[in-house]
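This structure is a prediction, so every number in the text was calculated from the model and none was measured. Throughout, protein chains are lettered first and strands after them, A, B, ... in sequence-line order, and every chain is numbered starting at 1.
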2 protein chains.
Amino acid sequence: MSINRRTLLGAFSAAAAGLAGLGNAAMGVAGSARAQEAGGRRNYRRIATEEAFSIPEVAEALGHITRTAWDVPGMRLLDMIYGEERPPLGQRFRSGLLDLAANPADRLQTMDAHGVDMHLLSLTSPGVQMFDADTAVSLARVANDRLADWVRQYPDRFAGLATFAPQDPERAVQEMERAVNTLGLNGFVVNSHTNDEYLDERKYWPILEAAEALNAPLYIHPRAPSAGMVAPFQDYNLTGAVWGYGMETGTHAVRLMMSGVLDQFPDLTVVLGHMGEAVPFWLWRLDFMGAPSRGRANKRLPSAYFDRNFMITTSGVEDPIALRYCIEKIGADRIMWAIDYPYQTTEPAVRFMNEAPISEKNKAAIFHGNAERVFGIKAA
Amino acid sequence: MSINRRTLLGAFSAAAAGLAGLGNAAMGVAGSARAQEAGGRRNYRRIATEEAFSIPEVAEALGHITRTAWDVPGMRLLDMIYGEERPPLGQRFRSGLLDLAANPADRLQTMDAHGVDMHLLSLTSPGVQMFDADTAVSLARVANDRLADWVRQYPDRFAGLATFAPQDPERAVQEMERAVNTLGLNGFVVNSHTNDEYLDERKYWPILEAAEALNAPLYIHPRAPSAGMVAPFQDYNLTGAVWGYGMETGTHAVRLMMSGVLDQFPDLTVVLGHMGEAVPFWLWRLDFMGAPSRGRANKRLPSAYFDRNFMITTSGVEDPIALRYCIEKIGADRIMWAIDYPYQTTEPAVRFMNEAPISEKNKAAIFHGNAERVFGIKAA
């Protein structure tokens, strides 16, 4: 859907002259990333913050899952990437996920071709969350070690979010501490629910406590909806990125806000992809209907938690109108750029932000400044 | 959450001068509805499009439900309004819902006090959808007759959306035809799922066909999530308007788009409240991930269905930033104003739209022009 320029100008007639630039940029009139940099000039450091990888050991273990009778939401994507007969798209995803393990130069070449300075890497969804606890703990260690190797090898090109096994909170905390204190990684990734449970449940509080204590953000990446909510998504292939991911992950975030668990961990930073999984769009109604009251567990307005505890990224939503909404609603200092490599392609993600009709200052913050601050990435 | 004026201006520095007015209005600096009209001048006809009522017969039948052992999402709200021991808020809702049945002058007085010209009335959620088919068919007829009486009595103040019983699609169609052809009502309301089923299922196609043939919009109003998705909403009281309503109703809308059912009924108009239940915010990702392809049932881009078949209202989201997003994304001719009486109060809903930082033309369209066009309400 393209911007209706007539509508745009009609709606904001007072600002019409100033907004004409938005219309042009949003309609793709402005030059591409490469054109802008034709003279070799680099306008921004570009740190992409939701960039996936796998390792052969995890890919093999997920392959074993595809050969079970286990019928679970999200199995279709696993089949596609880790099954024995892979369609071309599944093969493309698989190659992209395993490119670092095969030859880091392949990924660096893609990054260089589009002016991407750094990938903040995370083990791809569903991480180790579909394995039994022992397998999960073991594979998380292997994945984090491998990740730390790449970061050590290319400190200017890669940073990393560590994986852990929520199935065993005690060993998860041990791995989280090792990942930050020993391996020097930049935060954590969790793929929404684990065995249909959410992180607000008390058994998972040690994980939230550790992330807060380590001053390391927790990126809640989507996965297919939990069993207790998946039924309406099973038809028409809606469990995935088209709709189910957002409903699942947004609901996870709202549970963290409305459970009051963030009153226990006021300094925890949670990161949501996909323009905040639409939570920013709901903030007015969340506040109106979910203000603290008898019968509610939250001590603050939902938006107060969102302001204090959440960052969002642009992964998978390359929409200048949605970006502008989020800047107005939550502020440019709460938004980070992402590609979602290899699931989305690099060029349009770079072009989207290059051409975004926002101030240079905000563009720098979203392209790299916020990621440097939040994930402790050394400024260039 | 208030607008961060610094952020706002930073983000759109090119348009900063023009946007200063937005900052002021959004922060509530502009005058109230009543102040604007102090001199008796009426700027806009105001038609509110999601205004609830009940009748004693339906309230009594819902009261019987509260005295069963039936444990179902949404029972808490039923208890509050129709139970024997009602808290003050439940009593206030009940009085508001039954004010027309008691004395229409009460509601008219509230409308007059805030300059509201017309309520487009609909039987409040869950309508007749929790009754057995015979009871539902019978109560729908009674409710529609009563509604038509008020509309006949006050043709300049009330219009109405008819209720039907999806439990029995054949008799639903008969009632839909009677409601439009005999009673002269303006469209239909349905409260999302019926017995955990959605309108894309083939048994409900006659209902969609009838709405299209009668050229009468179908307003999909929220109710608590269906049994197959409600589990994560059961904690922290999330089944209702704070979060579950939007996930349920947005999912219903996406099922209509992604099932391809709208290819069968290209002229059907579906209305969504609550700024489109956030579907407008997801359109970029819906299109990217849900384009027509092998394995997908939709023949068009999701946004193409949304453009052609959907209208939205502002009920329950009095947020100028969200309004502006929707105007830019889907166009002002697709948005209608609503209060959600008696669940939300009239004054802030009027003030929100009076002060909205949008053009006069768009304000007129959203306040009344679109509702006149879409619901066949005679222009004043």
Side-chain angles (χ1 to χ4, degrees), chain A residues 1 3-4 7-8 10-19 21 198 226 228-229 231-232 235-238 240-243 246-247 251 254-255 258-259 274 278 281-287 289-290 295-297 303 307 316-319 321-322 324-325 327-329 331-332 358-359 361-362, chain B residues 1 3-4 7-8 10-19 21 198 226 228-229 231-232 235-238 240-243 246-247 251 254-255 258-259 274 278 281-287 289-290 295-297 303 307 316-319 321-322 324-325 327-329 331-332 358-359 361-362:
Chain A
M1 179 179 299
I3 288 184
N4 179 332
T7 303
L8 180 77
F12 308 106
S13 50
L19 285 172
Y198 295 92
S226 61
M229 70 177 285
D235 302 316
Y236 319 124
N237 191 16
L238 299 180
V242 66
W243 188 249
M247 300 302 102
T251 296
V254 167
R255 286 179 60 110
M258 298 303 294
S259 62
H274 313 99
F281 194 78
W282 282 115
L283 285 174
W284 196 97
R285 190 157 165 85
L286 280 163
D287 277 358
M289 294 291 176
R296 290 249 171 250
S303 65
D307 274 348
V317 181
E318 295 163 9
D319 180 347
I321 310 178
R324 197 171 88 147
Y325 174 88
I327 290 174
E328 278 192 62
K329 190 72 184 176
I358 63 177
S359 72
K361 186 183 161 202
N362 285 346
Chain B
M1 179 179 299
I3 287 184
N4 179 331
T7 303
L8 178 77
F12 308 106
S13 51
L19 284 173
Y198 296 92
S226 61
M229 70 177 287
D235 301 316
Y236 320 123
N237 191 16
L238 299 180
V242 65
W243 188 249
M247 300 302 102
T251 297
V254 168
R255 286 180 58 110
M258 298 303 294
S259 63
H274 313 98
F281 194 78
W282 282 114
L283 285 174
W284 196 96
R285 189 156 165 86
L286 278 164
D287 278 359
M289 294 292 177
R296 289 251 171 249
S303 65
D307 274 348
V317 182
E318 295 163 9
D319 180 347
I321 309 178
R324 198 171 87 147
Y325 174 88
I327 290 173
E328 279 193 61
K329 190 72 185 177
I358 63 177
S359 72
K361 185 182 163 202
N362 284 346

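- When heavy atoms are compared at a cutoff of 4.5 Å, R296(A) approaches chain B solely by way of its side chain, counted from C-beta outward.
- The two residues Y325(A) and D319(B) come nearest to each other via the heavy atoms OH-OD2, 3.7 Å.
- Counting all heavy atoms, side chain and backbone alike, R255(A) lies closest to P232(B) at NH1-O, 2.9 Å.
- W284(A) places a side-chain N or O within donor-acceptor distance of the main-chain N or O of E318(B), the cut-off being under 3.5 Å.
- Looking at S259(A), the atoms closer than 4.5 Å to chain B (heavy atoms on both sides) sit in the backbone and in the side chain alike.
- Pairing each heavy atom of V242(B) with each of M289(A), the nearest pair is CA-CB, 3.6 Å.
- Of all the listed residues (G290(B), G316(B), S226(B)), the one sharing the greatest number of non-hydrogen pairs under 4.5 Å with chain A is G316(B).
- Taking all atoms of both residues into account, the shortest heavy-atom contact from A297(A) to Y236(B) is CB-CD2, 4.5 Å.
- Taking CD from E328(B) and CD1 from I321(A), the interatomic distance works out to 5.0 Å, rounded to the nearest 0.5 Å.
- Note on D235(B), T251(B), L286(B), L238(B): by heavy-atom pairs under 4.5 Å with chain A, the leading option is T251(B).
- Counting heavy atoms from C-beta outward, M229(A) and M247(B) have side chains that stay 4.5 Å or more apart.
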